[in-house]
Novice: 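Let me begin by handing over the structure; questions about it come next.
The shown structure was predicted, so the numbers you read here are calculated from the model rather than taken from an experiment. When reading the values below, keep in mind they use all heavy atoms of this one structure, side chains included, and skip hydrogens, waters and symmetry mates. Quick note on labels: first sequence line is chain A, next is B, and so on, each numbered from 1.
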2 protein chains.
Amino acid sequence: MKHYKLILFLCLAFLSHLVTAQNQEVDNEEEFKPSPVNQPGSEYPMVNEKGQVRTQISAPEAKKVQLDIGGVKYDMEKDEEGVWTGESAPQDEGFHYYQLNIDGASVPDPGSLYFYGANRWGSGIEVPAQDQDFFALKNVPHGKVEQILFPSKSTDTSRRAFVYTPPEYDLEPNKSYPVLYLQHGYGENETSWPNQGRANLIMDNLLAEGKTKPFIIVMTYGMTNEIEFGGLRDFDIEPFQTVLVNELIPYIDTHYRTKANKENRAMAGLSMGAFETKLITLNKPEVFSYYALFSGGIYESKELQDRSKPELIFISTGSKERPDAVKSAVSELQKEGFNAVSYVSEGTAHEFHTWRRSLHQLAPLLFQIEE
Amino acid sequence: MKHYKLILFLCLAFLSHLVTAQNQEVDNEEEFKPSPVNQPGSEYPMVNEKGQVRTQISAPEAKKVQLDIGGVKYDMEKDEEGVWTGESAPQDEGFHYYQLNIDGASVPDPGSLYFYGANRWGSGIEVPAQDQDFFALKNVPHGKVEQILFPSKSTDTSRRAFVYTPPEYDLEPNKSYPVLYLQHGYGENETSWPNQGRANLIMDNLLAEGKTKPFIIVMTYGMTNEIEFGGLRDFDIEPFQTVLVNELIPYIDTHYRTKANKENRAMAGLSMGAFETKLITLNKPEVFSYYALFSGGIYESKELQDRSKPELIFISTGSKERPDAVKSAVSELQKEGFNAVSYVSEGTAHEFHTWRRSLHQLAPLLFQIEE
């Protein structure tokens, strides 16, 4: 009788284990879904709710294939048909750059769309974020993202910029708009804000909810990538400042219906683009009156002496970066009488989800004083 | 004496051969230049004047790496540091899709920019063409390429299109413009004409030379890629025709300053986009009056009965495709009193250089009759 109970117990335990294991496997399989930024028709890469990335590639003759994401390389495994599959540890919610490594060659994953970051067009993946609704493509009126090629005497070429115009722009031919100049980071370019940054969809959604004033956003290349990263001390802001202030802004004010004055002009940037924003807004107090730094430095009140106060100073960072430094810098500015606002993106690091959220927080604060 | 002369002759011949061989090798090395559509800072892939493509990738552990272009796989060779280099046979001038094969994995070349074609974002290369000046980025006034997201009830989503507006568009707020609807081919999408097609630069250059009237170009996804290639008989034009005629055209006519009538509307397409153009212009004679087919079928006069004659029928092809069929079809149309024009792109096949040239030939012929 004793043995019978023991055997029954063991049998039940074993069956229970089997069922659990099977369920887990089923759950695990079911929860991996194609990333929203895959190539049309591509099932892989996938992401699950924990933020793990799983990808797959056929490479029958390869000895070693790895998924390289977040600074870690994960070994993938080959099946009988030569298809390699592998998974990463959980990633932060939001957008990440990644690549594959096939027998020593670093290449984009053919399954993903490609984005410019880390100084190259390469793979990107979207780990679903709890707040992803704010940058989703919805059934609301949509603004445009316009590629312009503007003449630049100082660099002797036609330079590219992307210009977001709000949905009403073409329907209100007698109305003029303020402008935000919005910069990418090191290793990125003028495509980064409209592509992985989703700047246009963030604005479309805010506007549909009546949460921001309509304004134009201009995104151009900040000429940051020609220097070695870490060589920031050697970075000379003059060439880009000349392009932006002497060439691009006049072109925009001629070709778009802008409110072409300081009161209706803002500058913001992320990471090295924040560094550029700080330098240019300090050099050119007569050009901008709204200043915003995303994950890239702070303003000190002494830097803002001998000038009229800007309408707004916005400084943001991911909670996994240096939130205390940002909060205390903003407190200091507030004590000195500045209209300063800090924002900390919870659970994110030095990546685009921090900056999408920063733009989403910044936009409603811009252009509140009409002049 | 006789021997002396013979030996001298042989020596000179040998030396001459050596010098020639050496010069050839030097020339060969020197003439390979980075492709104009490489990633920023990438030296490879390269192209020489013969149209050979040479590329390079570091893959120290790989057993076999191939360059896959024009339907042929070329074995690459590994050096001591694990860097593979390989060259293709000469390619036609113009743009080509290609990829690398690393131990059985087909992947994009990390050195090139990426283009949508062959049903995927992948590598592209530009073999310098003798006539490349017509699509070059020059110091002339530039129009814009605008990304719009237009509402589509029939497909229950926001759909993307790119809209080219001529340089003067923003400077002439009281002027209205004709519109060309321009379709990509099978395996391509709405990015193909503005990216590899260079539609905007072709127009900017023609306008700068006073060779075409200014008009708007609208490029959207032709919904072609969901069917298997070869399954054309099963292709139903209705869904795309509904999006184009009932949804996109009214949106364009509301959001842009268009001349919103048949006399000022053209449709053109390449390959499967030509097939779509033919079907839609035949189904909707009240919508378009300029019809153009690039490398994709012909019109027969009997298909055009019982309707007023279109202002123009333009049919083009590469000389390596079926030029005789196009020429004889156009002769037949001319005999029946149609304003029909044929164009044959010399030395090119079913690729984008044929279609860039076709647009360059077509544009000056459009919208000659104002009503």
Novice: Decide yes or no for B:Thr165 and A:Glu146: does some side-chain heavy atom of the first lie under 4.5 Å from some side-chain heavy atom of the second?
Specialist: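 Sidechains of A:Glu146 and B:Thr165: no contact.
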Novice: With side chains defined as the heavy atoms from C-beta onward, is the minimum distance between B:Pro110 and A:Trp121 less than 4.5 Å?
Specialist: no
Novice: Is it the side chain or the backbone of A:Leu113 that comes within 4.5 Å of chain B heavy atoms, both, or neither?
Specialist: side chain
Novice: Between A:Pro60 and chain B, which part of the residue has a heavy atom less than 4.5 Å away: side chain, backbone, both or neither?
Specialist: both
Novice: To the nearest 0.5 angstrom, please state how far the NE2 atom of B:His142 sits from the NE2 atom of A:His255.
Specialist: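 Between atom NE2 of B:His142 and atom NE2 of A:His255 there are 10.5 Å.
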Novice: Relative to chain B, which of A:Gly82, A:Ser112, A:Ala62 shows the most heavy atom pairs under 4.5 Å?
Specialist: A:Ala62
Novice: Quick check on A:Phe150 against chain B: is it the side chain, the backbone, both or neither that has a heavy atom closer than 4.5 Å?
Specialist: neither
Novice: Side chain, backbone, both or neither: which part of B:Tyr251 has an atom under 4.5 Å from a heavy atom of chain A?
Specialist: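 Only the side chain of B:Tyr251 comes within 4.5 Å of chain A.
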Novice: I would like to know whether A:Glu61 and B:Ile102 meet side-chain contact (heavy atoms from CB on, under 4.5 Å); could you show each step before the answer?
Specialist: CA-CA 8 Å; A:Glu61 309 303 322; B:Ile102 303 174; over 6 Å; no
Novice: Between A:Ser42 and chain B, which part of the residue has a heavy atom less than 4.5 Å away: side chain, backbone, both or neither?
Specialist: neither
Novice: Name the region of A:Phe162, side chain, backbone, both or neither, that has any atom closer than 4.5 Å to a heavy atom of chain B.
Specialist: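 It is neither, since no heavy atom gets under 4.5 Å.
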Novice: Can you tell me which portion of B:Pro173 sits under 4.5 Å from chain A's heavy atoms? Options are side chain, backbone, both or neither.
Specialist: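 Looking at B:Pro173, nothing touches chain A.
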Novice: Find out whether B:Pro40 and A:Tyr116 are in side-chain contact, i.e. whether some heavy atom of one side chain is under 4.5 Å from a heavy atom of the other.
Specialist: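 Of all side-chain heavy-atom pairs linking A:Tyr116 with B:Pro40, at least one is under 4.5 Å.
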Novice: Quick check on the interface: out of B:Asn119, B:Leu137, B:Asn139, who has the most heavy-atom pairs with chain A under 4.5 Å?
Specialist: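 If we count pairs closer than 4.5 Å to chain A, B:Leu137 comes out on top.
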Novice: Between A:Leu171, A:Ile57, A:Asn189, A:Val163, which has the largest tally of heavy atom pairs under 4.5 Å with chain B?
Specialist: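 Counting heavy-atom pairs under 4.5 Å, the top option is A:Leu171.
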Novice: If you count the non-hydrogen atoms of other residues, nucleotides and ligands that lie under 6.0 Å from NZ in A:Lys63, is the total more than 12?
Specialist: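 Buried by this count: over 12 neighbours within 6.0 Å.
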Novice: May I ask you to check whether over 12 heavy atoms, not counting those of A:Lys64, lie within 6.0 Å of atom NZ?
Specialist: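 Atom NZ in A:Lys64 is not crowded, with 12 or fewer foreign heavy atoms closer than 6.0 Å.
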Novice: What part of A:Leu149 gets within 4.5 angstrom of chain B, counting heavy atoms only: side chain, backbone, both, or neither?
Specialist: both
Novice: Which one of A:Val107, A:Ile148, A:Asn101 has the most heavy-atom pairs closer than 4.5 Å to chain B?
Specialist: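 So the answer, after comparing A:Val107, A:Ile148, A:Asn101, is A:Val107.
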Novice: If you count heavy-atom pairs under 4.5 Å with chain B, which of A:Pro141, A:Ser158, A:Pro194 comes out on top?
Specialist: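 Top option by heavy-atom pairs under 4.5 Å: A:Ser158.
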Novice: With chain A, which of B:Arg257, B:Lys138, B:Gln39 has the greatest number of heavy-atom pairs at distances under 4.5 Å?
Specialist: B:Gln39
Novice: Could you tell me whether A:Asp79 atom CG has more than 12 heavy atoms of other residues or ligands within 6.0 Å of it?
Specialist: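 Yes, enclosed.
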